[in-house]
Amino acid sequence: MNRTIVISQILVIEQAPGWLVAALNHAIIAGVLLIGGAITMMLQVWVERRLIARMQDRLGPNRVGPEGILQSIADGIKMFTKEDIIPRAADRWVHLLAPIVALAPIAMMLAVLPWGRGLVAVDLEVGVLYIAAVSSISGVGLMMAGWGSRNTFALLGAMRSIAQLIAYEIPLIIALLGIVLLTGGMSLARMPELQAGIPLFGSSIPGAPDLGLGWFIFTPVGLLGGIIFFICALAEGERTPFDIPEADSEIVAGYMTEYSGMKFAVFYIAQYLLNFALAVLSAVVFLGGWQGPGVAWLADAGLGAAASLLSLLWLLLKAWGLFMLMVVIRAAVPRLRVDQLMSFAWKYLLPLALVNVASAALWVGLTEWSSIEWGNLLPVDGLAPWQRIGVAALVTAVINLGATRWVLRINRAPAAAPVVVPA
Amino acid sequence: MVTVIFIAIASLIIASAVLVVISREIVRAALWLIATFFAVGALYLLLEAEFIGVAQVLVYVGAVSILILFAIMLTRQHERHEPAWRAGPWWIALAGVIGLAAVLITTIGAVPWRLTDDDLPVSRAPQLGTALMREYLLPFQLAAIVLLVALIGAVVIAMEERRRRTPTLADDIAAQRGAADRAEDGTP
Amino acid sequence: MSSEQQPGVIVVDRGHPATRDGRGLVRGIGVVLRHLRDAFGPRLERPEQTSGVFTVQYPEERTPLPEASRNLPILLFDDDSGHELCTSCYQCERICPPQVIHITQARDPASGKAVPAIDEFILEYDACMSCGLCAEVCPFDAIKMDHAFELSTATRDPLTVDRVGLARPVSYYAQLAPQAWAEARDGAMKKLQGSRRRRTGTVGMTPARAAPAPADAPAAPIADAAPAGEPAGGEPVPASDAKAARLAAIRARNAAATDAPAPDAAPAPAGEPVGGEPMPAGDAKAARLAAIRARNAARQREGGDA
Amino acid sequence: MSMIDAVPLSWVLTLAAILFCIGLFGVIVRRSLIGVLFGVELMLNAVNINLIAFWRYLEPNLVAGQVFALFIITIAAAEAAVGLAMVIAVYRTRRTIVADDMRNLQG
């Protein structure tokens, strides 16, 4: 933030009014984020197509530019030149606004994500809630697309998509809630700062080096929460195996059926941008964000800019790694049925997420409460912080593992179900 | 600057609210309602109530409006346009409402508000959370119960009763098959 | 429930237990990653390989087509003499399901009697369904199925192909399908000898043999097939021009002697007027086909000039 | 620059009052049940604006304003759920959501 203020002060004359400087600041930050987002989206499409192709024993796009890296640009040009079709029965304005309503909130998500050490556009105190709120807006865009197209497939796709978004938003938010309990705040900018140190114990052991590896994923609460969150992120981003709203082999292309040209491209961009934003969010909340070996060392050595750069690289590495995981899962897993999708959200993820919140509360109690707060029932005061963390990790690991096994067992389908075939 | 933003948000709120009321097509009205909710959320942000602003967007835009759209789509089979409200004696309502507005606005202008000089607390979300967990614990829990009751109530009210439903082809086949099975069971 | 195995009850196994609990997902990811690894390894060529890239980078790389692969029919002519194997027996025209073959029999210019050779052979490639029945039925092995498949054109007109466009040397087919030709060769050549005895002059000789054949890619045989030097309007050239015919025959022999026909060399446009046959008066069909031929020739020439 | 220095409280309250009146007008004139629900939601929002404005301008250290707004949002969500469920139930039995058509209890 401070650095960009300096940049815009160079750009404008010294006597520039304060609001102009502020507006320029915001414009620059927004521009960097949006251009970065667009480039990321193009790279994502290319990487996904190339990787999937290799997994399916093909080569993938390799004609436009070296190794086909400019394929997305060629696709974009093609999209621009396509005819923009609006069905005669469609509600013109709703049809036109739907892609915008779907894309805008996703671009808004990028604002609060911490991209590196000191690289936060807006440090919102309620960042986690903001992400949840804003990501739920794009559902309205999908509904507008489905309804505005006046097409049964489109409406069906929109309904499916909304049902899916609502069902998976709940475990997603509850999975985040566990981490909010751990960190004691909803600011996304603070989350990576709390994940310094060494795995599991963080910075609690005196004298241990700051490797930047105190990621929440190494704690039992964070592990279960991270898995739930990632699965829900797949569903929110409509990635396979949860791509039921699009399901081009069943309902044409869902809510995108009646879209062509740039409007279709906007939906496409929205989807990939959402995938990337969710990957970054997973990385920030569970994988330490920009924390990584070397960042703290560089910062201590007084090389603040180098530390920021390295931290940005760490974050992008993690986010791209998660995106690759999404690609691999897409290549490996078939699409779920609607009933499977719903039962997975409500019968598996939701109970596990609730148990995880309880585990997180227990973790906070075991690591931070004093004996008096426990009503002198637990003599926790005598333990060193790392010992308390060890005890908490053990207890929550047992709880989470037990809950997972229990949920899997009670939901197990009977091994053999008789099917009566009329003779 | 802030004045300009406020006026922009306020005009958006009022314009979209008016369109909610006068739109003949119910889905358009619902979409304008969403715009109103969103603008009100922006107003909360401007009033530095971030938590409420974000909660407004989360609950109203993310949940209530989706619910409304679902309800519209489940009930829109026969009438896409409701009967025009202009058909009725709407001017009486308009006159009454304008009168109410005049009374309210005069009152607002007449009251000497004791504006505060206190600084805003820096961290407001934790303060809110603490208040919910201490002073307002009982209302908080009651709100939770209200939500649960509403959830169950909504499900019960809206659930289609199986016997009242028009039987589908699948139901017919299932019924026939059940009858056949019973007949088979009886014979041996 | 499955304790009593009643008749009419089928017990459905819901899958191996290992595929539940997410273990199936992990195994699936393993399979995918194995394919990802192998895709950077050697190209998939042997049938027992189950992973590895099999993509053929088409315009640069081409997989050899199997010998029996068939796309569209061609007419064979003898490399040495330039005589076409076709005797206009009309078998192909009769059997052709979409009715795209149109044959006009050649007549002796002197006596006017029909001879076992074609005057014109028109085939509508755009409606041909590549069934190969014409090649199957041909008793003289004159029609064979070509392997060329890159026939895209901007309009449909070039896809009505005449005798010139269809002609391919026997050596071309022998190179496409050596085994099939080895089986058919002796019989075909023997029958050709028989029918040649009943032909006179340039009758039954492929028009292109009269001209030096510039080697051109077979990829565009249709475009190449334009008889550029032919007089427009399909006016019959005086058939009694025996001198020109003799000249053409000599040139054809010379050409055959000097450049052994490149196996994939397509018949090239004739450089000079070649012997067209006089139209038998009153033969409506022949007249119609001649009109088609003339129109095609004119169009192709226009296209070539433009 | 914060909002209380730039915008007088009466402006915000006037906005809320106008929004409330628009919502009331909608409740009165709308014929469909869903339209009536829209009006109610608008009125609830107007009330919430008032609460937040009072909190911000008068008592920023008293958290009650925000807590009440939060409860109103909660209740509004519950109201919307139940109300829409009732609309669907009515629609299922009567095939209409126009309020004027439901006159069974009229003499």
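Quick caveat, the model's predicted, so the values are computed rather than measured. Order of the sequence lines fixes the chain letters, A, B, ..., with proteins taken first and strands second; residue numbering starts at 1 for each chain.
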Is any side-chain heavy atom of B:I26 closer than 4.5 Å to a side-chain heavy atom of D:R30?
yes
Which atoms of B:I68 approach chain D - backbone, side chain, both or neither, heavy atom under 4.5 Å
both
Between OH on residue D:Y57 and CG on residue B:L47, distance to nearest 0.5 Å
6.0 Å
Can you tell me which portion of D:I73 sits under 4.5 Å from chain B's heavy atoms? Options are side chain, backbone, both or neither.
both
Is it the case that atom CZ in D:F54 sees more than 12 heavy atoms from other parts of the structure closer than 6.0 Å?
yes
Please determine whether side chain to side chain contact (heavy atoms under 4.5 Å, CB included) holds for the pair D:L84 and B:F70, giving the CA-CA distance in whole Å, both sets of side-chain angles, and the decisive distance to 0.1 Å.
CA-CA 9 Å; D:L84 290 170; B:F70 258 101; over 6 Å; no
Check each atom of D:F38 against the heavy atoms of chain B and say whether the ones under 4.5 Å are side chain, backbone, both or neither.
both
Side chain / backbone / both / neither for B:A144 at chain D, heavy atoms under 4.5 Å
neither
Under 4.5 Å to a heavy atom of chain B? For D:I28 that would be side chain
Once you round to the nearest 0.5 Å, how far does CG of D:L62 lie from CD of B:E135?
8.5 Å
Just wondering, do D:V67 and B:F140 contact through their side chains at under 4.5 Å, heavy atoms?
no
Select, from D:I75, D:N45, D:L24, the one with the greatest count of heavy-atom pairs under 4.5 Å involving chain B.
D:N45
Among the listed options D:T14, D:V63, D:V27, the residue most often paired with chain B at heavy-atom distances under 4.5 Å:
D:V63
Can you see which heavy atom on B:A154 is nearest to which on D:A81, and at what distance?
CB-O, 3.8 Å
Counting heavy-atom pairs under 4.5 Å with chain D, the top scorer among B:L132, B:T130, B:L94 is B:L94
Hey, are the side chains of B:I52 and D:W55 touching, using non-hydrogen atoms and a 4.5 Å cut-off?
no
Picking from B:G109, B:A55, B:P139, which has the most non-hydrogen pairs under 4.5 angstrom with chain D?
B:P139
So what's closer than 4.5 Å to chain B heavy atoms on D:L58: side chain, backbone, both or neither?
both
Contacting moiety of D:A64, where chain B heavy atoms sit under 4.5 Å
both
A side-chain contact here means heavy atoms from C-beta on lying under 4.5 Å apart; do D:L13 and B:V111 qualify?
no
Chain D contact via B:Y60 - which portion, at a heavy-atom distance below 4.5 Å:
side chain
Please name the pair of heavy atoms, one in B:I157 and one in D:A85, separated by the smallest distance, quoted to 0.1 Å.
CG2-O, 3.6 Å
Top contributor to chain B contacts, counting heavy-atom pairs under 4.5 Å, from D:G26, D:A46, D:P60
D:P60
Where does B:L100 contact chain D at under 4.5 Å (heavy atoms): side chain, backbone, both or neither?
both
Quick one: what part of D:L37 sits under 4.5 Å from any heavy atom of chain B, side chain, backbone, both or neither?
neither
What's the separation between atom CD1 in D:I52 and atom CD in B:E48, rounded to the nearest 0.5 Å?
12.0 Å
Under 3.5 Å, sequence neighbours excluded: what are the donor-acceptor pairs made by side chains of residues 5-22 of chain B?
| unit_1 | atom_1 | unit_2 | atom_2 | d |
| --- | --- | --- | --- | --- |
| B:S11 | OG | B:I7 | O | 2.5 |
| B:S11 | OG | B:A8 | O | 3.0 |
| B:S16 | OG | B:L12 | O | 2.6 |
| B:S16 | OG | B:I13 | O | 3.2 |
| B:S16 | OG | B:T36 | OG1 | 3.1 |

Is the shortest side-chain heavy-atom distance between D:I18 and B:I105 below 4.5 Å?
yes
Please lay out, stage by stage, how D:F71 and B:L142 fare under the test side chain to side chain contact (heavy atoms under 4.5 Å, CB included).
CA-CA 10 Å; D:F71 282 140; B:L142 285 178; over 6 Å; no
Is there a side-chain contact between B:Y44 and D:N48, using heavy atoms and a 4.5 Å cut-off?
yes
Minimum heavy-atom distance D:V7-B:T3, with the two atoms named:
CG2-CA, 4.1 Å
Please examine the side chains of B:V146 and D:T74, heavy atoms only from C-beta on, and report whether any two atoms are closer than 4.5 Å.
no
Contacting region of B:A63 [heavy-atom separation from chain D under 4.5 Å]
neither
